[in-house]
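Every heavy atom of this structure was used, including side-chain atoms; hydrogens, water molecules and symmetry mates were not. Worth saying up front: this structure is predicted, and the values here are computed from it rather than measured.
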Amino acid sequence: MSEKRSSFTGKIGFVLAAAGSAVGLGNIWRFPYLAAKYGGGIFLLVYIALAVTFGFALMCAEIAIGRKTGLSAVKAFGALNKKYSFIGWLASLVPMIILPYYSVIGGWVAKYIAVFVSGGAKAAAGDEYFTDFISRPFEPIGWFLLFIGFTALIVLFGVEKGIEKVSKWMMPLLVVLTLIIAIYGMFMPGAMDGVIYYIKPDFSKFSVTTVLAAMGQLFYSMSLAMGIMITYGSYIKKDINLETSVKQIEVFDTGIAFLAGLMIIPAVFAFSGGDEAALGKGPSLMFITLPKVFESMTGGTFIGALFFIMVFFAALTSSISLMETVVSIVDDKLGWGRKKTCVIVFIGSVVLGLPSCLGFGVLSGFSIGGLTFLDMFDFISNSVLMPIVALLTCIFIGYVIKPKALTDEIELTGKFKGKKLFNVVIKYIAPIFIVLILISSVLDALGIVKI
């Protein structure tokens, strides 16, 4: 590289930045949707159990790879074994694909902040408001550029002055906003039924698909299998305890996901009279159903503005980590320096994001396998590449370099209490579950089997 590698100033900065990466749109709308679909409390219980086992092991592995090599994903695997450098390339593709379309959605969130702040809650609750907005030829592009431009600006300032500084105030504020909205929503008439549904496990609703859905959500929630944690791991110092750091990141991430469910499920239950179907999926939840909920509330304009500001922060912390990972990958490979690399990545992301941005308007007549551009990119990255990268990573650690190569790195600051769990999960449990996730995701997308 042409510049000295950046680093986090300490443990707090790293934990908040990594937690910020993990906390994103997947926590805010995807987690509540899945929790509602797969039995509420039982899904929550299964997810937490998987987070402290599977999620813990894979996150430890990725961060340890990054710190051990001091490199981003594209070079890290090759540094450990040249024959397996292709895993790094596959991992590097994930953030490159996700960043552009993720920023499109981030732009939609920015638009809704403006709508609610300007007193347009009633208009936003209209059945066709969201569809009309995303189908316009130019306005969505403006919001997309605003969001990705803001992301690039923070990344341009680097790890310590940009990412770490922003994360240190944004993450605590995100927690506070989520708590305020969750508490407010819980006291709405009819909301308590949603609270009970969400936190009380109903074991009669437990199934294999519950486990697979919860496992799949871990990839979204914890920024796994996309090179991010490897990149952030390469920025942390040798005296930081990796095991406790991972546990703290998981507490932040799972805590925000839990609060998001507590914020959304009871509120939608209150609005819909207990209809779980009203939770919708994806954009229909965040941009169609929830504005109706806010419009029906006393003070809903204010609460709606707070909600979309909170979602913006969550989306931004994740987009920052995605862009930082891509910048690190390109700079590690080409040595252009942060500023030049950041500008090039910004331009490339804008070009790649335009089809997703226009896919609901000017380019709505084009589809690939029945999918819009945004859905296609989402399927390739999340349903195909991420499980493949995770599987290859487990095989690489478990049977090529052996777990000891990473447990030794983790033990630089003391005994690795979760070593036995780490070894068993990486070598045996995770590969089996990841194969099942990959198969089920592909079959679901093809409409062969609905998971």
The side chain to side chain contact (heavy atoms under 4.5 Å, CB included) partners of V400 (sequence neighbours excluded) come to N81, Y84, F396
For A124, the side chain to side chain contact (heavy atoms under 4.5 Å, CB included) test, sequence neighbours excluded, returns Y112, V115, F116, Y129, P291
Residue set satisfying side-chain hydrogen bond (donor to acceptor under 3.5 Å, both in side chains) with T210, at least two apart, ordered chain then number -> S207
*cation_pi(K37, F43) dist<6.0 Å, angle<=45*: no
Sorted by chain and residue number, the ring-ring contact (aromatic ring centres under 6.0 Å, His included) partners of F258 (sequence neighbours excluded) come out as Y198
Applying side-chain hydrogen bond (donor to acceptor under 3.5 Å, both in side chains) to Y101 and not counting sequence neighbours gives D378, S381, N382
Contacts satisfying side chain to side chain donor-acceptor pair (under 3.5 Å) that involve residues 141-152 (not counting sequence neighbours) are E139-W143, T151-S319
Sequence neighbours excluded, the answer for side-chain hydrogen bond (donor to acceptor under 3.5 Å, both in side chains) partners of T244 is K11, N241
Sorted by chain and number, sequence neighbours left out, side-chain hydrogen bond (donor to acceptor under 3.5 Å, both in side chains) with E243 holds for none
Do F130 and W108 have ring centroids that are under 6.0 Å from one another? yes
Sorted by chain and residue number, the side chain to side chain contact (heavy atoms under 4.5 Å, CB included) partners of L145 (sequence neighbours excluded) come out as I141, V350
- Do Q217 and S221 meet the criterion of a side-chain donor-acceptor pair at a distance under 3.5 Å? yes
- Can a salt bridge be assigned to the pair E324 and R338 using a cut-off of 4.0 Å between side-chain N and carboxylate O? yes
So the salt bridge (charged side-chain N to carboxylate O under 4.0 Å, His left out) pairs with at least one residue in residues 120-133 (sequence neighbours excluded) are D127-K292
Residues at least two apart in sequence or cross-chain that pass side chain to side chain contact (heavy atoms under 4.5 Å, CB included) with V330, listed by chain then number, are V326, L334, W336, T341, V345
Which of parallel (below 30°), tilted (30 to 60°) and perpendicular (above 60°) describes F287 and F308? parallel
So the side chain to side chain donor-acceptor pair (under 3.5 Å) pairs with at least one residue in residues 343-371 (sequence neighbours excluded) are none
